[in-house]
Trainee: 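Below is the structure I would like to discuss, written out as structure tokens.
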Amino acid sequence: MNPIAIAVIFVGAVGLVCGAAIVVLSKFFAVPADEKAEEIEALLPGANCGACGFSGCSGYASALSKGETEKVNLCKPGGQDVADAVSALLGKESAAVETVVAVVRCRGWNGVAVKKHKYDGISSCRLASQLYGGEKACPNGCLGLGDCVDACPFGAIYVSDKGVARVDPDKCRACGICVDTCPKKLIDLLPAERAAAAVLCRNTQKGAQTRKACANGCIGCMKCQKACETGAVKVTDFCAEVDFSLCTGCGKCEEVCPTGAIAVRGLLPANQVRIMKDEG
Amino acid sequence: MKYYIALFVMGVITNNYVLSKFLGICPFLGVSKKTNTAFGMSAAVIFVMLLATAATYPINSFLVAHKLAYLQTIVFILVIAALVQMVEIILKRYIPPLYQALGIYLPLITTNCAVLGVVILNVDSGYNFGRSMMSSFAAGVGFMVAMVMFSGVRERLESSDVPKFLEGLPITLIAASITSLSFLGFGGIVEGMGLI
């Protein structure tokens with residue numbers, strides 16, 4: 001027989017046998033797939049960010065299909081559209097998703113915040129904060145070394161020219177990974193689609209100490225609490241905090257604040273862009 | 001018996017597939033960031049190497065008998081790729097955690113040149129079935145030694161102060177070459193031990 005023919009037949013036969021074996025194996029050892037979960041997963045954004053509290057999009061999808069969770073509104077990157085689509089697929093009533101956005105609660109940029117020493121080590125907030133709490137005299141100041149920048153799966157965070165981290169609200173999908181990453185716990189998810197006041201400072205030291213560390217810090221003077229008509233602003237531990245369910249966004253607190261630490265402009269995406277431009 | 005020990009020592013240390021023959025560099029650099037995944041990947045490679053050797057040995061005898069030895073490369077690639085697919089299907093069914101941990105690296109074994117290299121070199125060296133299996137096992141263990149050792153090096157590199165222009169892959173390649181150089185120091189121990 002022609003040697004070329006033998007070669008062709010042999011290689012063809014090996015290929016056929018291997019192919020057939022794979023087909024047989026994949027038929028007999030196939031994992032019974034959860035079709036409903038696959039359909040739900042197709043609706044989810046696929047970012048695998050874990051904001052829903054499950055191991056990823058597939059984890060959330062299988063939990064929904066098995067009925068382990070009833071909540072269809074857990075996907076923050078997907079927002080209302082995904083919640084509606086998933087609930088329609090499952091034949092459940094949709095639930096409202098409050099859109100939130102990550103905000104770095106620090107206005108202590110270079111020139112405003114006092115530095116107590118010079119840090120010259122590995123560029124990591126986590127490591128820097130272990131060495132006497134980092135460069136800034138304020139124990140709650142943004143170190144600006146960008147741990148949150150590296151952690152953000154959407155590339156929404158950057159460190160501004162003035163050395164503090166800022167979130168681009170248009171890119172932020174509110175997954176919350178940065179919230180856990182920041183060693184100073186400066187990043188919070190705050191409501192994005194309505195006017196509300198935000199306190200852009202977390203310093204809980206007494207007013208005089210805060211003043212020495214940073215000109216923009218909340219000194220706990222209580223003016224905002226007194227000015228607030230709905231009782232949304234409360235000062236505890238010398239730092240104001242806003243209850244968003246009560247805040248109407250009237251802006252009275254902003255008018256009285258001596259350091260600019262509380263601001264209604266804080267949360268709407270357009271205003272955040274302004275903050276990033278004006279304030280570094 | 002002595003010959004089997006010699007094969008083992010050669011595969012693991014003196015003729016290490018990664019560090020002396022420079023086969024399987026892709027997973028060596030790609031999967032060595034963490035010791036756990038490096039270990040899992042190496043275990044999968046050992047398994048696939050043994051399986052591939054067992055499957056290709058009879059095929060090779062057939063090829064040689066019909067004067068078709070020039071088909072070795074293409075047929076071996078075909079068989080190895082199919083075997084990896086089968087291993088993947090079975091792992092997915094019976095050991096899902098391992099399947100998830102290996103992730104993309106399992107299909108990547110298909111194109112791992114260390115697996116093809118060990119099969120071809122076995123054939124070229126004219127080993128019988130037992131020796132082929134021993135040689136593959138040693139090659140796999142050698143791969144594991146290199147991977148796990150290098151993942152340790154890389155974990156230390158992560159937290160060390162590397163000059164800016166060397167950060168990332170450059171320093172990894174330099175570290176890999178130094179590791180490889182250090183294995184040159186083992187040259188001649190098989191002969192020295194009187195195993196061959």
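Basis for what follows: all heavy atoms, side chains included, without hydrogens, waters or symmetry-related copies. All figures in this text were calculated on a predicted structure; none of them were measured in a lab. Below, read A as the first sequence line, B as the second, and so on, with proteins coming before strands; counting in each chain starts at 1.
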Trainee: Determine the option with the most heavy-atom pairs under 4.5 angstrom with chain A, choosing from B/Ser159, B/Ser160, B/Ala82.
Mentor: B/Ala82
Trainee: Counting heavy-atom pairs closer than 4.5 Å to chain B, which one of A/Ser26, A/Gly19, A/Pro3, A/Ser124 comes out on top?
Mentor: A/Ser26
Trainee: Ignoring hydrogens and geometry beyond distance, is a side-chain donor-acceptor pair present between A/Thr181 and A/Asp147 at under 3.5 Å?
Mentor: no
Trainee: Taking atom types as modelled and ignoring hydrogens, do the side chains of B/Ser136 and B/Asn122 form a donor-acceptor contact shorter than 3.5 angstrom?
Mentor: yes
Trainee: So for A/Ile122, is it side chain, backbone, both, or neither that comes closer than 4.5 Å to the heavy atoms of chain B?
Mentor: side chain
Trainee: Show your working on side-chain contact (heavy atoms from CB on, under 4.5 Å) between B/Phe129 and B/Thr53 and close with a plain yes or no.
Mentor: CA-CA 9 Å; B/Phe129 187 75; B/Thr53 308; 5.8 Å; no
Trainee: Using non-hydrogen atoms and a 4.5 Å limit, figure out which bit of A/Phe10 sits close to chain B: side chain, backbone, both or neither.
Mentor: side chain
Trainee: Hey, which of B/Val79, B/Leu68, B/Ile74, B/Leu83 has the most heavy atom pairs under 4.5 Å with chain A?
Mentor: B/Leu68
Trainee: Is there a donor-acceptor contact under 3.5 Å from the side chain of B/Ser180 to the main chain of B/Leu19?
Mentor: yes
Trainee: With distance as the sole test, does A/Arg202 use its side chain to make a donor-acceptor pair with the main-chain N or O of A/Arg105 at under 3.5 Å?
Mentor: no
